Amino acid sequence: MCGCIRVKPKWFPDWNTQTCVIVASGPSAGNVALDRAIGLARFVAINNSWRLAPWADFLFAADYRWWYAAQGCPQFRGAKVTTDRHAGETREWNLHRLGMRLADDRLLMDDIGVVGWGGCSGFQAVNMVAQFGCKRILLVGFDATVKNGLHWHGSYPGADNPTKDKTLRWQRCLDNAASMLASLDVEVVNCSMQSALKKYPKIPFEESVL
């Protein structure tokens, strides 16, 4: 870690003490009644999962190819965030950009506005909302395995898709972040009963939002 503290980006919200639902793209996300948490939690949708939660506060995608295929996703009305430099510099897409330490798989909290890599958008989104100050995070669609399919919507044409090796890294990075999140007093609930993650309690979404 660099030991430096950046000035918080102007677009960062203050979600101190709030709950955030992060909707990833695992197959289990497709059957979750996300609307039950409207008004009770903040939402961050990852990649195509904005279609499951079009009311989300943020759309996060790290992959330039995804943004290119979506042409900046003009249909989404919330704030849009990436860690990709090229995507962030494409002005017509109107994206906010987070810094990201390439090949650093740790959850980063010492340099506000910079997140760890973790190999996937899901890890980076968790790091981001922890920096927003959330004290409770509900993980939806964080299956971290290809045993039940690639995504709730099928494969991404022209973009990265999960493989067994990739998901093993995601498991490792996300599970390794559990101790840091606990030290920050952030409660994380895994709402995917088929998830390969091991360090977060599994509770169905409908029960988690009560």
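In this chain, residues are counted from 1 in sequence order. Quick note: numbers below take in every heavy atom, side chains included, and nothing from hydrogens, waters or symmetry partners. Values in this document were obtained by computation on a predicted structure and should not be read as measured data.
Considering only heavy atoms from C-beta on, V188 stays 4.5 Å or farther from N190 through its side chain. Side chains of Q194 and P27 form a contact here, defined as non-hydrogen atoms less than 4.5 Å apart. With contacts defined as side-chain heavy-atom distances shorter than 4.5 Å, the pair K135/E187 does not qualify. Using a 4.5 Å cut-off on side-chain heavy atoms (C-beta onward), S208 and E206 make no contact. Residues F12 and Q131 form a side-chain contact, since some pair of their non-hydrogen atoms from C-beta on lies under 4.5 Å apart. With a 4.5 Å cut-off on side-chain heavy atoms, V186 and I137 count as touching. Between K80 and W67 the shortest side-chain heavy-atom distance falls below 4.5 Å. Inter-residue side-chain proximity for V81 and M128 is flagged as met; some heavy-atom pair is nearer than 4.5 Å.
Between the SG atom in C191 and the OH atom in Y200 there is a gap of 13.0 Å [rounded to 0.5 Å]. Rounded to the nearest 0.5 angstrom, M109 CE and L184 CG are separated by 5.0 Å. Here OG1 of T82 is found 8.0 Å from CG of D63. Values are rounded to the nearest 0.5 Å. Going from atom NE2 of H86 over to atom CG of L95 covers 11.0 Å, rounded to the nearest 0.5 Å. Atoms CH2 and CG, on W117 and D104 in that order, are 10.5 Å from each other to the nearest 0.5 Å. Going from atom CG of N176 over to atom NZ of K199 covers 6.5 Å, rounded to the nearest 0.5 Å.
Taking every heavy atom of both residues into account, F205 and A37 meet most closely at CZ-CB, 3.7 Å. Minimum interatomic distance between L107 and A177 (heavy atoms only, all atoms of both residues): CB-CB, 4.2 Å. The minimum heavy-atom distance linking I22 with F142 is given by the pair O-CE1, 3.6 Å. Looking at every heavy atom in both residues, W15 comes nearest to C20 through CZ3-SG, 3.7 Å. Residue M180 comes nearest to S183 through the heavy atom pair O-OG, 2.6 Å, listed as atom of the first residue, atom of the second, then distance. Residues L34 and A53 come closest through the heavy atom pair CD1-CB, 4.3 Å.
Looking at D35 and W55, their side chains never bring a donor and an acceptor atom within 3.5 Å of each other. In the model, Q124 has a side-chain atom that pairs as donor or acceptor with a side-chain atom of T83 under 3.5 Å.
At least one donor-acceptor pair closer than 3.5 Å links the side chain of D57 to the backbone N or O of F43. Without hydrogens or angle criteria, S121 side chain to A62 main chain gives a donor-acceptor distance under 3.5 Å. Remark: side-chain polar atoms of N47 are not paired, donor with acceptor, to backbone N or O of S49 under 3.5 angstrom. The closest donor-acceptor contact from the side chain of Q171 to the backbone of A144 lies under 3.5 Å. A side-chain donor-acceptor contact under 3.5 Å links N127 to the backbone of G116. Judged purely by atom type and a 3.5 angstrom limit, D84 uses its side chain to pair as donor or acceptor with the backbone of A87. Checking side-chain atoms of S192 against main-chain N and O of S28 turns up no donor-acceptor pair under 3.5 Å. Checked by atom type and distance alone, the side chain of Q18 never pairs as donor or acceptor with a backbone atom of F132 at under 3.5 Å. Counting only distance, with no hydrogens or angles, the side chain of D143 and the backbone of S195 share no donor-acceptor pair below 3.5 Å. Looking only at distances, a side-chain donor or acceptor of W170 sits under 3.5 Å from a matching main-chain atom of G119.
Residues R169 and D105 are paired through a salt bridge, judged by an N-O separation under 4.0 Å between the basic side chain and the carboxylate.
Among L138, V189, V209, the single residue meeting the side-chain contact (heavy atoms from CB on, under 4.5 Å) criterion with T19 is L138.
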Does the pair V23 and V140 meet the rule for a side chain to side chain contact (heavy atoms under 4.5 Å, CB included), with working shown?
-> CA-CA 5 Å; V23 189; V140 173; 4.2 Å; yes

Using the side chain to side chain contact (heavy atoms under 4.5 Å, CB included) rule, take V114 and M100 through it: C-alpha gap first, then chi angles, then the decisive distance, then the call.
CA-CA 5 Å; V114 178; M100 189 264 290; 5.8 Å; no

Open item on the list: Under the criterion salt bridge (Lys or Arg N to Asp or Glu O under 4.0 Å), I'd like the reasoning laid out for D111 against R106: C-alpha separation, chi angles, the key distance, then a yes or no.
Closed with: CA-CA 12 Å; D111 196 358; R106 297 171 296 175; over 6 Å; no

Exercise for the section: Applying side chain to side chain contact (heavy atoms under 4.5 Å, CB included), run through V126 and L181 and close with a yes or a no. Expected result: CA-CA 10 Å; V126 169; L181 291 163; 4.2 Å; yes

task = Kindly determine whether F58 and F76 satisfy side chain to side chain contact (heavy atoms under 4.5 Å, CB included), including the steps that lead there.
result = CA-CA 9 Å; F58 284 88; F76 182 75; 5.7 Å; no

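For OH of Y68, the number of neighbouring non-hydrogen atoms (other residues, nucleotides, ligands) closer than 6.0 Å is 12 at most. By the 6.0 Å contact criterion, CG on N31 is open, its count of non-hydrogen atoms from other residues, nucleotides or ligands being 12 or less.
Ring centroid separation for the pair Y64 and W93 comes in under the 6.0 Å cut-off.
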